[in-house]
Amino acid sequence: MAGEPQADCLFCKIVAGAVPATVVRETETTLAFRDINPQAPTHVLVIPKAHHPSAAELAARAPELAADVLREVGEVAAQEKAESYRLVFNTGAAAGQTVFHAHAHVLAGRGLEWPPG
């Protein structure tokens, strides 16, 4: 169920402290941590603490929480001193989503080409 922790969700386990992560920011509703497979010098994931399977479901079911995630993206970028950054939400397996808990990728620290691949 949306919002409820899922026993088989890696990010829910990180939120619960059962799986370690390099946390860079935390609020009451969000958690930001370094990606274990970084695609840029700065690669931070920003997630809602409540489980929502995708960014689309998060926006539809909890728009205030989606706004919290976006606000934290800006805070992470500022903390990381990223004047320019890319924000990516992968939604669905065909788009590259591998963990089905809504999350934003904050990428910075190198030139990022367009279109993304």
Report yes or no: does [X] contribute a side-chain atom to a donor-acceptor pair with the main-chain N or O of [Y] at less than 3.5 Å?
{"X": "Gln39", "Y": "Asn37", "value": "yes"}
{"X": "Glu72", "Y": "Thr29", "value": "no"}
{"X": "Gln79", "Y": "Val24", "value": "yes"}
{"X": "Glu83", "Y": "Lys81", "value": "no"}
{"X": "His52", "Y": "Ala50", "value": "no"}

Give me the atom names and distance for the closest heavy-atom approach of [X] to [Y].
{"X": "Cys9", "Y": "His101", "answer": "SG-ND1, 3.4 Å"}
{"X": "Ala82", "Y": "Ala108", "answer": "CB-CB, 3.6 Å"}
{"X": "Pro41", "Y": "Gly109", "answer": "CG-O, 3.4 Å"}
{"X": "Val15", "Y": "Ile47", "answer": "CG2-CD1, 3.6 Å"}
{"X": "Arg25", "Y": "Val23", "answer": "O-CG1, 3.5 Å"}
{"X": "Asn90", "Y": "Ala95", "answer": "OD1-O, 3.4 Å"}

Practice task
May I ask you to decide if the ring planes of His105 and His43 are parallel, tilted or perpendicular, using 30° and 60° as cut-offs?
Solution key: tilted
Please tell me if the side chains of [X] and [Y] come closer than 4.5 Å, counting only heavy atoms from C-beta onward.
{"X": "Pro5", "Y": "Lys13", "result": "no"}
{"X": "Leu87", "Y": "Val46", "result": "no"}
{"X": "Val88", "Y": "Pro116", "result": "no"}
{"X": "Phe33", "Y": "His103", "result": "no"}
{"X": "Tyr85", "Y": "Thr42", "result": "no"}

Practice task
Give the C-alpha distance, both sets of side-chain angles, the deciding distance and a yes or no for side-chain contact (heavy atoms from CB on, under 4.5 Å) between Glu26 and Lys49.
Solution key: CA-CA 9 Å; Glu26 183 172 7; Lys49 288 182 175 179; 2.7 Å; yes
Problem - In one Ile/Leu/Val/Met/Phe/Trp/Tyr side-chain cluster, 4.5 Å: Leu10, Leu31 - result: yes
Handout entry: Common cluster, Val76/Phe11, ILVMFWY with side-chain heavy-atom separation under 4.5 Å
Key = no
Practice task
Measure the CZ-CD distance between Phe100 and Glu57 for me, rounded to the nearest 0.5 Å.
Solution key: 11.0 Å
Exercise for the section: First locate atom OG1 of Thr22, then atom CG of Leu45, and finally report the distance between them rounded to the nearest 0.5 Å. Expected result: 11.0 Å
Exercise for the section: With sequence neighbours left out, write down each residue that passes salt bridge (Lys or Arg N to Asp or Glu O under 4.0 Å) with Asp68, or none if nothing qualifies. Expected result: Arg71
Practice task
Identify whether the distance between the nearest side-chain nitrogen and carboxylate oxygen of Glu80 and Arg34 falls below 4.0 Å.
Solution key: yes
